[in-house]
Asks: 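Once you've had a glance at the structure underneath, I'll fire off some questions.
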There are 2 protein chains.
Amino acid sequence: MMVISAQEEKLDPRVRRTQAFIQEAFLALLEEKGFQSITVREITERAEINRSTFYAHYPDTYGLLDATLQDIFRKELEHNALSVCHYSLENVRALMITVCKFIRQSQSNCKTPDSQFELMIEKQVRKQSQALLEMWLEKLGADLDVKSVAVATSWTIYGLAAQWNQDSKRPAVEVYTDRVLPLITANLPGD
Amino acid sequence: MMVISAQEEKLDPRVRRTQAFIQEAFLALLEEKGFQSITVREITERAEINRSTFYAHYPDTYGLLDATLQDIFRKELEHNALSVCHYSLENVRALMITVCKFIRQSQSNCKTPDSQFELMIEKQVRKQSQALLEMWLEKLGADLDVKSVAVATSWTIYGLAAQWNQDSKRPAVEVYTDRVLPLITANLPGD
DNA sequence: ACGAATAAACAACACTTGTATGTTATCATT
DNA sequence: AATGATAACATACAAGTGTTGTTTATTCGT
C-alpha cells in the first residue's frame with residue numbers, strides 16, 4: 001500500500017519517497033504488534049532508510065502516528081465525499097457512521113489495547129470532524145455560535161462512536177447511529 | 001506537598017511512601033519542564049529512590065502521569081463536594097466550572113505545549129465526569145439511556161472547557177459557562 | 001547541462017530504558 | 001521478640017534514543 005502525505009504536490013520527491021516508505025513500514029508494523037513496542041529502529045530497518053533520516057521527518061513515533069492518522073482519516077473523509085458537501089442531518093449521520101467505522105478498523109489492527117494510541121486517534125478524528133462541522137455551519141449562515149456548536153457536536157460524535165466501539169454486544173453501525181443521532185443533533189439546526 | 005495515592009488505606013506503608021515520593025518528584029519536575037523531557041531517572045533521583053523501584057509501581061512515565069492525574073482530579077471533585085451530591089442543573093454548572101479551572105491550572109504548569117500531556121488530562125477528566133453524571137442520572141431514575149447521555153454530556157463538557165482554555169481572550173469561567181451551558185444540558189432532563 | 005542547494009547515508013556520542021538477579025531492610029503476624 | 005513475606009536497593013546488561021558531525025547522492029534553478 002502506498003501512503004502519500006498531506007501536501008503531495010511541489011515537494012521534493014526524495015522527501016515524498018522517504019515519508020511514504022516510513023509510513024508504509026509503520027502501518028505494516030502496526031498490524032503485527034502494539035504501538036508502544038514499535039521502535040524507530042524497527043521502522044527504519046523495514047523502510048530501508050537510515051535511522052537518523054527518520055528524525056528529519058518526525059520527532060518520534062508519536063509524531064509519526066499523529067501525521068499518519070491525520071493522513072488516513074482525511075482520505076477516509078474525502079473518500080466518502082464528506083469534505084465537499086454541505087450541512088444536512090443526513091450528512092451528519094454519514095459522518096457519525098464514518099467515524100464509527102474508522103475507529104473500529106483502527107482498533108482492530110492494534111491488538112494490545114493502548115491508551116496513547118486510542119488518544120491519538122481521538123485527537124485526529126475529533127479535530128477533523130470539528131473542522132468539517134464548522135465549515136458546514138459557516139456556509140449555512142444560521143444565527144448561532146458556530147465554533148461552540150461545532151466543538152460540542154464533534155466531541156459528542158467521537159464519544160458516542162467510541163462507546164459503540166467498546167460495546168461488547170455491538171449493534172450494526174446504522175442501527176446504533178439512528179438510536180443516538182438525537183443526542184448528536186441536539187444543538188444543530190433542524191435542517 | 002504530600003500526595004497520597006488512590007487506595008490509601010491498608011496498603012503497605014513502604015509502598016505508600018514510595019509512591020508519594022515519586023508523585024511529589026514528578027509534580028515538581030512538571031513545574032520546571034515539559035512532560036516529554038522528564039525521564040524516569042530524573043524522577044527517581046529527585047525522589048531519592050532506586051530507579052528499578054519505579055518500575056515496580058508504574059510501567060513508564062505515561063503510566064505515572066495517568067495515575068497522578070487520576071488522583072488529583074478525583075481530589076478536586078471531592079473538594080467541591082461533587083462526588084457526594086445529586087443531579088441538578090446547578091451541579092452540572094459547578095462541574096463545568098471545576099473542569100475548566102482544572103484544565104487551566106494543569107496547562108499553566110506545563111510550559112511546552114505537549115499533545116500527549118493534554119490528551120492524558122482529557123482522558124481522566126472525561127472518564128470521571130462521565131462516571132459522576134452516570135451516578136447522578138442513575139439515582140434520578142428518569143426514563144432515558146443513562147449511559148449514552150452521560151457519554152455525550154461528559155465529552156461536550158470537556159470539549160467546551162478545552163475550547164475556553166485555548167481561547168486567547170478568555171472570559172471569566174462563570175460567564176463562559178453560562179453562555180455554553182445550554183449546549184451542555186441539551187440532552188439532560190430539565191431539572 | 002552545470003553548479004548550488006539540500007536530502008539521505010554513514011558513523012559515533014552520551015544517555016535513557018526496561019529487565020533480570022541477588023542482597024538488604026522493613027512490615028505484618030504470631 | 002522471632003520469623004516469614006515482600007518492598008526497596010544495588011548492579012549489570014542489551015537495546016533504543018536523539019543528536020551531531022561528515023560524506024555521498026539527488027534535485028532544482030539558471
Side-chain angles (χ1 to χ4, degrees), chain A residues 2-26 28-30 32-67 112 114-117 120, chain B residues 2-26 28-30 32-67 112 114-117 120:
Chain A
M2 195 66 174
V3 182
I4 306 296
S5 89
Q7 296 81 13
E8 32 196 278
E9 32 265 319
K10 62 170 193 158
L11 194 66
D12 193 318
R14 289 172 293 183
V15 173
R16 187 169 38 206
R17 235 184 313 116
T18 301
Q19 291 186 351
F21 287 156
I22 292 175
Q23 295 203 1
E24 270 176 72
F26 180 51
L29 282 166
L30 272 177
E32 297 169 20
K33 55 199 298 204
F35 167 71
Q36 297 272 23
S37 70
I38 296 176
T39 67
V40 172
R41 171 160 265 126
E42 272 179 313
I43 296 167
T44 55
E45 271 171 8
R46 178 151 329 192
E48 289 179 304
I49 61 158
N50 193 276
R51 190 171 62 87
S52 67
T53 304
F54 177 92
Y55 295 101
H57 296 275
Y58 309 99
D60 49 32
T61 50
Y62 289 93
L64 171 59
L65 177 60
D66 198 33
T112 319
D114 186 326
S115 189
Q116 296 310 312
F117 186 74
M120 221 54 165
Chain B
M2 196 64 174
V3 183
I4 306 295
S5 90
Q7 295 79 13
E8 33 195 280
E9 33 265 320
K10 62 169 192 159
L11 193 67
D12 194 318
R14 290 172 293 182
V15 174
R16 184 164 46 201
R17 237 185 310 117
T18 302
Q19 291 187 351
F21 287 156
I22 292 175
Q23 294 204 2
E24 271 176 71
F26 181 51
L29 282 167
L30 273 178
E32 298 168 18
K33 54 198 301 204
F35 168 71
Q36 296 273 23
S37 69
I38 296 176
T39 67
V40 173
R41 177 166 300 251
E42 272 180 314
I43 296 167
T44 55
E45 272 172 7
R46 176 146 339 186
E48 289 178 306
I49 61 157
N50 193 278
R51 190 170 63 87
S52 67
T53 303
F54 177 92
Y55 295 101
H57 297 275
Y58 309 98
D60 50 31
T61 50
Y62 288 94
L64 171 59
L65 177 59
D66 198 33
T112 319
D114 187 324
S115 190
Q116 296 308 312
F117 185 73
M120 221 55 167

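Here is how names work: the chains are called A, B, and so on, in the same order as the sequence lines, proteins then strands, and each is numbered from 1. Please read all numbers here as calculations on a predicted model, not as lab measurements.
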Asks: Please state whether the rings of A/Y62 and A/F35 are parallel, tilted or perpendicular, taking 30° and 60° as the class boundaries.
Replies: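 Perpendicular: the ring planes of A/Y62 and A/F35 meet at over 60°.
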Asks: Can you see which heavy atom on A/L64 is nearest to which on A/Q23, and at what distance?
Replies: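 Distance-wise, the nearest heavy atoms are CD1-CG, 4.1 Å.
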Asks: A side-chain contact here means heavy atoms from C-beta on lying under 4.5 Å apart; do B/I43 and B/I38 qualify?
Replies: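 Side-chain contact under 4.5 Å: yes.
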Asks: So, is B/H57 close to the D/dA7 phosphate, meaning a side-chain N or O under 4.0 Å from OP1 or OP2?
Replies: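 The answer is no; no side-chain N or O of B/H57 sits under 4.0 Å from OP1 or OP2.
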Asks: At a heavy-atom distance below 4.0 Å, what parts of residues 46-56 of chain A sit against DNA chain D?
Replies: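 Result for residues 46-56 of chain A: A/R51, A/S52, A/Y55, sorted by number.
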Asks: Which one of B/R51, B/E32, B/K33 satisfies the side-chain contact (heavy atoms from CB on, under 4.5 Å) criterion with B/E42?
Replies: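 Result: among B/R51, B/E32, B/K33, B/K33 is the only option passing the side-chain contact (heavy atoms from CB on, under 4.5 Å) with B/E42.
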Asks: What is the minimum heavy-atom distance between A/S37 and A/G34, and which atoms define it?
Replies: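 Heavy atoms only, the tightest pair is OG-O, 3.0 Å.
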Asks: If you take all heavy atoms of A/D114 and A/Q36, which pair is closest and at what distance?
Replies: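 Looking at all heavy atoms of both residues, the closest pair is OD2-CG, 2.6 Å.
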Asks: Nearest heavy-atom pair of A/A47 and A/F21: which atoms, and what distance?
Replies: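 Looks like CB-O, 3.6 Å.
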Asks: Could you pull out the closest heavy-atom pair between A/F54 and A/I49, with the gap in Å?
Replies: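 Minimum heavy-atom separation between A/F54 and A/I49: N-CD1, 4.3 Å.
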Asks: How would you summarise protein contacts on nucleotides 22-30 of chain C per nucleotide, using B for base, S for sugar-phosphate only and - for none, with heavy-atom distances below 4.0 Å?
Replies: ---BBSS--
Asks: Would you check if B/L65 and B/F26 make a side-chain contact, meaning some heavy-atom pair closer than 4.5 Å?
Replies: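 In short, these two side chains touch, coming nearer than 4.5 Å.
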Asks: Search all heavy atoms of A/A28 against all heavy atoms of A/R46 and return the closest pair with its distance.
Replies: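 Nearest pair, atom of A/A28 first, then A/R46: CB-NH1, 3.9 Å.
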Asks: What is the bend of the helix from C/dA14-D/dT17 to C/dT30-D/dA1 when you compare the axis at one end with the axis at the other, using five pairs each and rounding to 10°?
Replies: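 The two end axes of the helix from C/dA14-D/dT17 to C/dT30-D/dA1 meet at 30°.
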